[in-house]
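In this chain, residues are counted from 1 in sequence order. Worth saying up front: this structure is predicted, and the values here are computed from it rather than measured.
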Amino acid sequence: MGENNILGEHDTPQPSRKVSSVVVPLLGLIAVIVGVIVAWTNQSTDFGWFAYAPLSDTVFVGNGGAMVSQGTQIGLTVTVLGLLVLAFWAGLAIGRRR
């Protein structure tokens, strides 16, 4: 139709990248990094072995009973949530390609 058009050449506009396609994996990656740092820095927890009290009729129940500190548990939870966000985003990205 015009002088600059060559037969078979079509200029089709490319769809712009959505902001969420960049922000979601970036937030997931940041959550993973922050979670690993928090879990790594809060590794130490105090615990010890104890014996039974033979003349006592009460049962000892410890508080928490975990060998991992609360800061480490929070860090690992944030890491797992970040990995779930990245997995969800990767699944959507793969599913969109046809």
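Taking every heavy atom of both residues into account, V38 and T41 meet most closely at O-OG1, 3.2 Å. The nearest pair of heavy atoms linking A31 to G82 is CB-CA, 3.8 Å.
Of the inter-residue distances, the one linking N42 atom CG with L76 atom CG reads 10.0 Å to the nearest 0.5 angstrom. Once rounded to the nearest 0.5 Å, the distance linking CH2 of W89 with CG of L84 reads 15.5 Å. Here CG of L86 is found 11.0 Å from CG of L81. Values are rounded to the nearest 0.5 Å. Distance CD1/I74 to OG1/T79: 11.5 Å, rounded to 0.5 Å.
Side-chain atoms of V24 and V85, non-hydrogen and from C-beta on, do get closer than 4.5 Å to each other.
Linking Ile, Leu, Val, Met, Phe, Trp and Tyr whenever their side-chain heavy atoms come within less than 4.5 Å leaves V34 and V80 in two separate clusters.
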